[in-house]
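Notes follow once the structure below has been shown.
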Amino acid sequence: MSGLVDALVIVAVIALVFVRQFRARRIDTDKRWWVLPAILAVVGLREPGMVDAHHHTTSIVLLAAELLTGLAIGAGWAWTTRIWVEPDGAVWSRSTKASGAVWILGIALRAGLFALGAVLGVHQDSSALLLALAATLLIRSGILVWRAQSLHPAAQPRTAYGHPMSRAAWKERV
């Protein structure tokens, strides 16, 4: 893909994910939460210009820093997301203001890494950003699913037929 198409894909994915996270969304732990990050990683790894041939070591160090930043941002984003359980047992999530701050910090760190690479003369391709975005989404989704699975709604008393009891039975004293 061309650089312009990569940039448009990155902007579209970031906009979609960012907007969707500030609305309450049900977490379905049975879904394939890893599919979008896997697709982004495949698209990123498919491109040949991820490592600059003239600055091999520096390029790899910048790529590693980009991936570590992506993992840290994904973890920070997941841990600042509010999750709760509805009475029917459904787990919901919604990003908070702290999550937005984590996103802004992540964008600033990535811009700083790009600027550092430009100062050092390293050619940087958008495939590294796609790979880091995949890492961010993968770690965030994984932590949210793990957090959702650890939540259990309060046990409700049930009758012998499985229907919930409306109230506790009153004991008569004789």
Side-chain angles (χ1 to χ4, degrees), residues 9-46 50 60-114 126-171:
V9 167
I10 291 168
V11 169
V13 168
I14 289 173
L16 175 72
V17 169
F18 190 75
V19 168
R20 289 176 67 190
Q21 296 313 312
F22 285 96
R23 286 185 282 166
R25 295 186 42 94
R26 186 177 177 160
I27 298 176
D28 189 4
T29 57
D30 296 335
K31 283 180 113 176
R32 291 188 169 91
W33 50 269
W34 50 268
V35 172
L36 178 62
I39 291 170
L40 289 174
V42 167
V43 169
L45 289 172
R46 218 181 66 183
M50 190 178 302
I60 290 175
V61 168
L62 282 173
L63 178 61
E66 180 77 25
L67 289 174
L68 288 174
T69 300
L71 292 173
I73 297 305
W77 184 18
W79 286 108
T80 57
T81 298
R82 179 178 174 255
I83 63 173
W84 67 94
V85 179
E86 289 291 322
D88 66 351
V91 181
W92 290 74
S93 72
R94 183 179 188 171
S95 290
T96 61
K97 289 179 183 177
S99 303
V102 169
W103 261 83
I104 292 169
L105 176 67
I107 290 170
L109 286 173
R110 287 182 172 137
L113 285 171
F114 186 81
S126 59
S127 57
L129 184 58
L130 275 174
L131 198 59
L133 182 59
T136 299
L137 294 176
L138 183 68
I139 196 74
R140 180 206 180 260
S141 299
I143 290 174
L144 277 183
V145 167
W146 176 71
R147 286 179 64 196
Q149 289 173 344
S150 67
L151 294 177
H152 298 290
Q156 303 253 338
R158 299 203 176 263
T159 62
Y161 298 108
H163 298 291
M165 293 174 51
S166 59
R167 59 187 171 91
W170 179 64
K171 287 187 176 179

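In this text, all values refer to a predicted model and were calculated from it rather than measured experimentally.
Pairs engaging residues 130-141 under the salt bridge (charged side-chain N to carboxylate O under 4.0 Å, His left out) rule: none recorded [sequence neighbours left out].
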Distance-only donor-acceptor hits, side chain of residues 67-75, under 3.5 Å, sequence neighbours excluded:
unit_1: Thr69; atom_1: OG1; unit_2: Ala65; atom_2: O; d: 2.7

Ignoring hydrogens and angles, write down the donor-acceptor pairs under 3.5 Å from the side chains of residues 98-107, residues two or more places apart or on other chains.
unit_1: Ser99; atom_1: OG; unit_2: Thr80; atom_2: O; d: 3.1
unit_1: Ser99; atom_1: OG; unit_2: Thr80; atom_2: OG1; d: 2.8
unit_1: Ser99; atom_1: OG; unit_2: Thr96; atom_2: N; d: 3.2
unit_1: Ser99; atom_1: OG; unit_2: Thr96; atom_2: OG1; d: 3.4

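With rounding to the nearest 0.5 angstrom, the CG atom of Leu40 is 11.0 Å from the CG atom of Leu45. Note that the CZ atom of Arg94 and the CZ atom of Arg23 stand 10.5 Å from one another [nearest 0.5 Å]. To the nearest 0.5 Å, the span separating CG on Leu133 from CD on Glu66 amounts to 9.5 Å. Note that CH2 of Trp146 is 13.0 Å distant from CD1 of Ile27, once rounded to the nearest 0.5 Å. In this structure, Leu144 CG and Trp77 CH2 are separated by 8.5 Å, a value rounded to the nearest 0.5 Å.
A search for ring-ring contact (aromatic ring centres under 6.0 Å, His included) contacts involving Phe114 returns nothing, not counting sequence neighbours. In terms of the side chain to side chain contact (heavy atoms under 4.5 Å, CB included) criterion, Val11 has no residue partners (sequence neighbours excluded). Every side chain to side chain donor-acceptor pair (under 3.5 Å) that Trp84 has, sequence neighbours left out, goes to Glu86.
Pairing each heavy atom of Ser141 with each of Trp33, the nearest pair is CB-CE3, 3.5 Å. Across all their heavy atoms, Thr81 and Arg147 have their closest contact at O-NH1, 3.0 Å. Looking at every heavy atom in both residues, Leu63 comes nearest to Ala128 through CD1-CB, 3.6 Å. Ala41 and Ala134 get closest at one heavy-atom pair: N-CB, 3.7 Å. Across all their heavy atoms, Ile83 and Ala148 have their closest contact at CD1-N, 4.1 Å. Heavy-atom minimum distance, Arg110 versus Thr136: NH2-OG1, 2.7 Å.
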